[in-house]
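To start, the structure under review is shown below, and the notes come after it.
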Amino acid sequence: MNIVSAIILTAALLMIIAGMFCLVRTYNLIRIIIAIEIAMKAITLLLVFAGAVNGNMALSQTFVITMIVIEVIVAVVAAGIAISLYHKNGNVDIRELTNLKG
Amino acid sequence: MQQFFIVLCLVLMVVAGGAAVMLRSMLKSTISLGVASALLAAVLFLLGAFWAAIFELSVCSGLITVVFVSAVSLTNSDRKDEEHVKEHRARVAALPAILIFAGASLLFILFSHDFNIVISSTPASFAAFKEALWSLRQSDILGQIIAILAGTFAVIVLFKERDNI
Amino acid sequence: MITFATISFLGLPLLAILLLNVVSKKTGGAISISVGYVVAIIQMIAAVVCMALLWMHGKDFIEFSLFWDMNATLGAAKLSVDLFSLVVLFCIGMVSLASLLTAKKTIGEKTLNYTNLLMVIMLGMNGIAVVTDLFSLYVFLEITGIASFVLIALLNDKRGLEGAFKYLVMSAIASALILGSFALIFTQTGSLVYGDVAKALADWRNAQYAPLLIVGFVMFIAGFSIKAGIAPFHGWLPDAYQSAPASVSVLLGGIVTKMAGVYALIRVLNSVFVAMPMINNTLLILGLISIVFGAVAACGQKDFKRILAYSSISQIGYIILGVASGSLLGFVGAMLHFFNHATFKTTLFVNSAAVEMQTGTTDIDQLGGLQARMPVTAVSSILAFLSMAGIPPLAGFWSKLLIIIAVWQSVSAVGGGIALAASIFTAAYFLILQRKVFFGPLEDHLTEVTEAKGTISLAAVLLSIVTVAFGVLFPVILNFLHLQGIL
Amino acid sequence: MEGQGIIFVCIFVPLIGAFLLPIVGRVMPRLRNILALLFVITAFVTAVIALPQALSGTPILWQMKLPLGFTMGFFADGLAVFMAMTSSLVASIIVFYSFGYIEHYPNQNEYYMMVVLFIGSMMGLVYSTNLLLIYLFWEISAICCWRLIGFYRGKDIVLRADKAFLMTVGGALLMLIGFISVYMQTGTFNLLEMQGNTITTAAMVLILFGILSKSATLPLHTWLPDAGVAPSPVTSLLHAAVLVKIGVYVFARLFLVNFQLDPVWDTVVPVIAGVSALVSAGAAMVETDIKRIIAYSTISQLGFIFLGLSCGTMVGAAGGLLYILMHSLAKGGLFLCAGIVEHSTHTKDINKMGGLAKRLPITAVAFALCAFSVMGIPPFGGFFAKYMVIYGAATSASPWLAVMFIIGAVMTIIYLLRVFIKVFFGELTHPDIKEGSWEMVSSVAILGVLSLLGGIFINLPSYVTTFIIESLLNL
């Protein structure tokens, strides 16, 4: 067992947990997006780790680059929706989002 | 020595990530996220993923932080978050359960029999990277183009025409 | 053939986007819907033509690459079409057409944005249908997702934004899980092309990183269950469907979640995780839970679109069940049910759009007796619902029957029995909805309502014809599949 | 084989013609009515034409092979043709009656379409050689039934229509599970190929559930009295001509002809039938709504049919079959009479009626004729059929069953007489009413006369039914 591998896996797991924990902890829309970003960091780490383990680093880098592009777009869209919601509701509190029930 | 730096950066990254979750000020937590992202870029660099590291540094820790900072300032949500966190004991109580579950699964992964991961790679050469990106991953490149188009239309819908309604 | 497929499925929508945005904004808005019709119709025709070509050449699938030829071996992400993806591409064209027909009446001044995003979402879904690589699959999943968030929020109203945000959060979590599982699988396989992964995982229990793979499988199932809206992970789905603009609901309910969740799941199960009883059994249980839960929950809803959303959860359960049975018969049943669900659920969302447009509400307590005023909508909704409840001779019955026989044969009689008996709940919410909206006495404030004329009725009629024709001609189709050696 | 065209005409003229009716109705309502009648009569005529060949021992058969054992096919043996004749005969008279009854209400297009579709699905069902086809037509008839019961569109009425739909569809789904389990056992849905197989108890119970829910036998009968909210021709169609007979027919087709059953069912089914007959006869004695009384009487009389078909003797089975015919004629007539009474007096409560014989003489006579037939008074048709059923039960393995049914027959006489006397004799309550339209009155008159003639010329139908049963059971 390579100790560095163990630490990388642990770090990825901790980052995912931090993201999930943030999701359930906060009422703030922007912080929810931050939570998703934190989880995505862990996934990036995992992808590069996979490339480092199987020796196919070139492929794994292309994955990471594509993924980053998409991540940015998702973050921008999410932030855009959050800002629009702020304009409608006057705040970014998730508890205000109660129009849809059933 | 390289391994030491990798571990150090990882520890700092987790700390920064935790800070992004726990800090009450939205601005500070946004900046923590940027720091975590930069530290991740360092890890990627040390693991040999140079191009990915550059992208991570410039796009994620740069661009996304800018997006978040502007979102935070546009929505004025810096102060309001504090009140919400306090009333939230019940959800916070879920943390130990999550940690125990995660720890158990991690132990399971790490200590199952003959399980041995060794980081074996040498850093990819630029030529190999170029080959991989341009000739193997055409569909991803098409995907990136379409995703950027989607992002453009999203910005048009969400920002540009918002006031027309 | 190859260039033909590339151009019609990936090139044409791009060309349409280019065309619409190069000309002045005003012209673009004016012609956008018509351009959309053309793209959607060409896609349907192209799918049929490709099917014919496949059979003429006697091939199971055709691989092709995109811009220039890819001859490298490991990790080359080629594209490929086979029968299933062609059926799905046809469905995409059909539902997009229905959505456009609905949008013509309901979308107002947003036509240009709507058509642009529709083209993007079509590209995303077509991409999902033709890729042969797990990472590309993720890329196109995300494109589909991004376009659908924006489409839900298209009108910039409170509800739309709320539904879009909820969908976005759940979808992002799902994507993280899916990509994480791919990363873990990549650790072992060194490539993410379907064929390579399938080979590398053939003996995965003895693989070097088997524990990582198990975690990967769990994340995979969880991620796709969220994307597909399978029962314990369905929370976002009714909100998204209910809050979207009418024509976008048609698109979402008809095809988008099924492409992003169900099709991708089926594709990966069929070509990557071949014969893994662990995954199949998990999905079987999830499918049964979805079937029963979705149908029971739909009985308690008060909103037309929300009832449809819960019924989607239930119907998706049937598709999952067919695939999870692991037999060829189940797969064919799932494929047919996929097609059928696209037709009848699109019909119903078109009907809900018609009702919403003419009466201004989708709350079923405020409606009643509309059959007298809106006969086309009422009759097509009855046909679609009966098809969904599995009443012969409509299309839904046959695909359900195949799925249930497959489950009965290869897994257990009890599972098949439960899945069949759950149809009674489908019949129950069908009756509730019919009683409150169409059947029953005409409410006083609705006496002035008229039929939604023009394109909306046209869409409903066309889709109803497909449902009925598919059902009545099913013996011919069955015979044909048999002659092709599929059954 | 010869004559396949006949079956196709018999099935598809009403089935496809039904969808033409709303289109025609938009232009010419009168033509629509005539077309509807014509379609149903076509079915009757073709069934009569097919009868000689069906009895000749080489039944007409058409089949299409499909993969997975999903054969499609139609088959006209004696039982099928007999059922088709009975239903289409009564249905033609009911459609004719509708001309007068329904003409003042909205949604007539839908009404005629559903009625004709209903009869078409009955025709399809009786000729099917395939479990899937049986299920298909079974569900089509459930849909028609749902629309027809909800014809008046009131909130409460639609709710009852929904109840009927849910119960029959629920039963049908259980039945389909039974069918699939049979399919798993035999590898085919084709009835002819699986003839003589023994089926599992689970499949038997599931299929029986479907049959009992359709033909409204205890404990799944509750939807039938509620269906009385429908227009009278519809209730007549449901109770007498088509719907409840579907269950009976499928029972005969599957359990009499096709499958070997465990002997215990020879007792269990008659007991269910007997309990059903007695309980519903009891309910009929206390009800005051004229249509509900006749509805409970249907449930009760269906018990006799089931007894005849399931008691295990040849005479009983022939009697059961004969009773299907007699009961259809007589019960159809009773419902149509009740329709005239309701139409004229605008009430269904028998306590508020009396002395109507003075104002509705033809109706009263027709009601009496039909009622006598149902009661089983000689020389009406019902008498001979009931006699054969009870004789068959008495000579079967468990003769004590006959006692139960004799009690049931006595109760029938009591409650029908009660209705007849309360409605048509005594003090006149509605002095200013007059007979229904000529279509309605002549329809009930025809049914009443047919009930009488069926008894007087009993030789012909009893010969036919006995012959059918003999040829079926000797296969």
Side-chain angles (χ1 to χ4, degrees), chain A residues 1-11 13-15 17-18 20-22 24-28 30-31 33-35 37-38 41 44-45 48-49 51-55 57-62 64-66 68-73 75-77 79-84 86-87 91-93, chain B residues 3 6-7 10 13-14 17-18 20-21 26 29 33 36-37 40 43-44 47-49 51-52 55-56 59-60 63-64 67 71-72 74-75 77 80-81 84 88 91-92 94-95 98 102 106 110 116-121 123-124 128-129 132-133 137 140 144 147 150-151 154-155 158-159 162:
Chain A
M1 188 71 171
N2 184 331
I3 187 73
V4 178
S5 319
I7 291 174
I8 289 176
L9 283 175
T10 316
L13 189 69
L14 284 175
M15 288 294 268
I17 290 172
M20 296 298 160
F21 176 63
C22 186
V24 295
R25 176 177 169 271
T26 187
Y27 287 136
N28 187 314
I30 308 276
R31 207 190 277 272
I33 310 169
I34 289 180
E37 284 299 318
I38 291 174
K41 295 283 162 282
T44 316
L45 186 59
V48 173
F49 167 74
V53 167
N54 63 29
M57 187 56 94
L59 198 55
S60 121
Q61 289 194 60
T62 64
V64 171
I65 289 169
T66 314
I68 287 171
V69 170
I70 288 171
E71 193 185 337
V72 171
I73 293 167
V76 169
V77 172
I81 294 175
I83 292 169
S84 297
Y86 172 76
H87 279 264
N91 59 42
V92 284
D93 191 337
Chain B
Q3 295 202 343
I6 292 178
V7 173
L10 282 171
M13 181 187 81
V14 173
V21 177
M26 280 304 299
S29 112
L33 180 69
S37 197
L40 176 66
V43 175
L44 300 191
L47 281 172
W51 305 101
F55 256 77
E56 178 72 30
V59 179
C60 277
L63 189 59
I64 290 190
V67 169
V72 169
L74 274 175
T75 58
S77 64
K80 284 180 187 158
D81 197 40
H84 303 154
H88 226 344
R91 292 192 189 183
V92 175
L95 185 61
I98 299 174
L106 193 72
L110 295 185
N116 190 16
I117 305 178
V118 181
I119 294 179
S120 60
S121 78
F129 170 66
L133 182 61
R137 313 299 310 173
D140 294 357
Q144 286 192 27
V155 170
L158 291 171
F159 292 103
R162 193 177 62 217

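Quick caveat, the model's predicted, so the values are computed rather than measured. Numbers restart at 1 for each chain; the letters A, B, ... are given by sequence-line order, proteins then strands.
- Of the listed residues (A:Ile70, A:Ile38, A:Leu14), the greatest number of heavy-atom pairs within a distance under 4.5 Å of chain B belongs to A:Ile38.
- Within the 4.5 Å cutoff, side-chain heavy atoms of A:Val64 are placed close to those of A:Ile68.
- Between A:Ile34 and B:Ser29 there is a side-chain heavy-atom pair separated by less than 4.5 Å.
- A 4.5 Å side-chain heavy-atom check between B:Val21 and A:Arg31 finds every atom pair outside the cut-off.
- Between the A:Thr26 side chain and the A:Cys22 main chain, no donor and acceptor come within less than 3.5 Å of each other.
- The contact between A:Val69 and chain B is made entirely by side chain atoms (from C-beta outward), counting heavy-atom distances below 4.5 Å.
- A donor-acceptor contact shorter than 3.5 Å is absent between the side chain of B:Ser37 and the backbone of B:Leu33.
- Proximity to chain A (any heavy atom under 4.5 Å) is restricted, for B:Ala154, to the side chain, taken from C-beta onward.
- Residue contact with chain B, scored on non-hydrogen atoms closer than 4.5 Å, involves the backbone and the side chain of A:Ala11 alike.
- In terms of heavy-atom pairs under 4.5 angstrom with chain A, the leader among B:Leu63, B:Leu10, B:Val67, B:Val7 is B:Leu10.
- Of the atoms belonging to B:Val43, it is side-chain heavy atoms, and not backbone ones, that fall under 4.5 Å from chain A.
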